[in-house]
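What you see is a predicted model, and the numbers here were worked out from it, not measured in a lab.
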Amino acid sequence: MSGSVAVTPLRHLGRLRLVALGINSVIGGGIFILPAEVTGLIGSSAIFAYVVAGLVVIGVGLALASLSSRYEISGGPYLYVHRVFGEFAGFQVGWLFCLARITAMAGLVNGFGRYLGALLPWAATPIGRALVIIACAALITTINMIGIRQTSMATNLFTVAKVVPLVVLAIVGLFFLRLENLAPVPVEPMSFVRAVLLLIFAFSGFEILTVPAEESLQPRRDMPFAVIATILTVCAIYLPVHLVAAGMLDNLALEQAPLASVAGILAGPAGRYAMTFIAATSMAGCALISLVGGTRLMYSMSSARQLPLWMGSLHAGWRTPVRATMIIGVLGTTLAIASAYSTLAAVSAGTRLLVYLACCCACLRRPAAAREDGAPGERHALRGRIIPALTSLAIVALLCALERDEIIGGLSGVGIGTVLYFGMRRAVPAVGGKTS
């Protein structure tokens, strides 16, 4: 790559492509697995947990929409927190975001192998599972490397492939409900909070929309729209899908693949196999978007000299961060083979909540540059702080539902990020001296 020619990202993402990116990032493994998990915690009252989870993520989405309207450069949560709270806080959020993306990709690719193993017995063996994981990871890594256009096209295909069957299942399934299965039952408060926490994991992923700002056509206009449109669309899909699963399955809490069981009732064995394949495809698509978010953030952090420049540099021909893609792809593949899906999902959920909390806190303050650039009046600004403040309190309450191992995992991530930050501060002068 020539040092005299500046390589910039290609602007290609409009409103619809951003919404497709967001939907594909959110609808992954969670909705195919969590209906059974939350029903096991709070029974038929789980539908109310979906409503609460939806309200929390809408609050986070409004905070991110406000923050994304301020900037036109890539970075997302890392950029927002960096500009408001300084370099150290920004680096920690960036690091946690990368960790969440790596573990999310690993968990999703792991889930892809598990679901495919339900269709093909050889894929359920240890060697077969590893080969399936490697093949899936290699495919999405290659797509992400060769360009944002190819990634966007693949995203659109993955989105249609997962959303249409879920909508059809939700509509047709409404005619097969057993109303007695939907009668609310009393629940323990902490069990309800835990159920909401698990559903936040299913709803999360929309935050990556704010990362590739430099690949968006009009980021200040399109990104806030895409964030809110994504969340509302996901809520409109999740609620009826869970309602159908709860109303059709007498023992939803015991189901390993609840939506496949629903499809089996509606369409027989062919429906069960088809929904299993759709779940695997959905996880692959969601893993692709996790890779997009993680690699673009590494590009942003390397541009800010908080990671080595070579790590996030753009390929001259493809104009994508190839080295960052390879790093995250290899790490994600390794974790997917070596770890369990539940472990990877727990680490990803905990780190995402910390990122959301930092963004809501950042939304409570406006940087000096933004105030000088035509900020709204004080009364309007005060109203704009109410939702982030309430959402921050909700996130803190949800963090209280984390289990011991999940807390240790989150604190370990913060500790590793702290060591990495101070190590890079020592290396920055040398790196800057070579590139300036």
Side-chain angles (χ1 to χ4, degrees), residues 26-61 166-167 169-206 231-266 275 279 341-342 345-346 348-350 352-353 356 387 390-403 406:
V26 176
I27 301 179
I31 190 58
F32 294 97
I33 299 172
L34 287 179
E37 298 292 330
V38 296
T39 299
L41 285 170
I42 57 176
S44 56
S45 296
I47 192 67
F48 300 108
Y50 279 83
V51 175
V52 174
L55 291 174
V56 173
V57 296
I58 287 173
V60 175
L166 288 176
V167 171
L169 181 143
I171 294 174
V172 176
L174 291 175
F175 297 95
F176 294 84
L177 296 181
R178 298 188 183 93
L179 295 182
E180 61 273 17
N181 290 352
L182 302 177
V185 296
V187 298
E188 293 290 333
M190 284 308 299
S191 295
F192 186 85
V193 175
R194 178 70 181 178
V196 175
L197 172 66
L198 291 177
L199 289 174
I200 292 294
F201 173 73
F203 276 95
S204 63
F206 57 87
I231 294 172
L232 293 178
T233 301
V234 169
C235 289
I237 293 172
Y238 278 8
L239 287 173
V241 165
H242 179 87
L243 189 68
V244 165
M248 290 183 61
L249 301 175
D250 293 331
N251 296 301
L252 175 57
L254 302 178
E255 294 285 346
Q256 294 298 312
L259 298 194
S261 296
V262 170
I265 294 174
L266 297 176
M275 186 56 68
Y341 177 87
S342 58
S348 183
R352 278 171 170 166
L353 280 173
Y356 293 163
I387 292 178
L390 293 176
T391 305
S392 297
L393 294 176
I395 291 173
V396 171
L398 291 175
L399 288 171
C400 294
L402 287 169
E403 297 179 351
E406 296 163 358

Check step by step if side chain to side chain contact (heavy atoms under 4.5 Å, CB included) holds for Leu199 and Val56. CA-CA 10 Å; Leu199 289 174; Val56 173; over 6 Å; no
Carefully, step by step, assess Leu166 and Phe32 under the rule side chain to side chain contact (heavy atoms under 4.5 Å, CB included). CA-CA 10 Å; Leu166 288 176; Phe32 294 97; 4.0 Å; yes
Carefully, step by step, assess Tyr356 and Ser392 under the rule side chain to side chain contact (heavy atoms under 4.5 Å, CB included). CA-CA 8 Å; Tyr356 293 163; Ser392 297; over 6 Å; no
Using the rule given for side chain to side chain contact (heavy atoms under 4.5 Å, CB included), can you reason through Leu41 versus Leu198, listing the C-alpha separation, both sets of side-chain angles and the distance that settles it, and then say yes or no? CA-CA 10 Å; Leu41 285 170; Leu198 291 177; 3.7 Å; yes
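The CZ atom of Phe176 sits 9.5 Å away from atom CD1 of Ile265, with the distance rounded to the nearest 0.5 Å. Of the inter-residue distances, the one linking Leu399 atom CG with Ile200 atom CD1 reads 10.5 Å to the nearest 0.5 angstrom. Distance CZ/Phe192 to CZ/Phe48: 8.5 Å, rounded to 0.5 Å. Residue Phe206 holds its CZ atom at 9.5 Å from CZ of Arg352, rounded to the nearest 0.5 Å. To the nearest 0.5 Å, the span separating CG on Leu353 from CG on Leu197 amounts to 6.0 Å. Taking CD1 of Ile27 as the reference point, atom OG1 of Thr233 lies at 8.0 Å (rounded to 0.5 Å).
Pairs passing the side chain to side chain donor-acceptor pair (under 3.5 Å) check and including a residue from residues 40-49, sequence neighbours excluded, do not occur.
Across His242 and Ala46, no two heavy atoms sit closer than the pair NE2-CB, 3.5 Å. Between Tyr238 and Ala202 the shortest heavy-atom distance is OH-O, 2.9 Å. Residue Ile42 comes nearest to Val185 through the heavy atom pair O-CG2, 3.7 Å, listed as atom of the first residue, atom of the second, then distance. When all heavy atoms are compared, the tightest approach of Val262 to Ala245 is CG2-CA, 3.9 Å. Closest of all the heavy-atom pairs between Ser261 and Glu255 is OG-OE1, 2.7 Å. The two residues Ile387 and Gly59 have their closest heavy-atom pair at CG2-CA, 3.8 Å.
Ile395 has its side chain within reach of Val60: a pair of non-hydrogen atoms, C-beta onward, lies under 4.5 Å apart. You'll find the side chain of Ile58 reaches within 4.5 Å of the side chain of Leu232, heavy atoms only. At least one side-chain heavy atom of Leu174 sits less than 4.5 Å from a side-chain heavy atom of Leu243. Using a 4.5 Å heavy-atom threshold, the side chains of Met248 and Leu266 count as touching.
Counting heavy atoms of neighbouring residues, nucleotides and ligands inside a 6.0 Å radius, atom CD of Glu180 exceeds 12 of them.
Judged by distance alone, with hydrogens and angles left aside, the side-chain atoms of Thr39 form no donor-acceptor pair with the main-chain N or O of Ala36 at under 3.5 Å.
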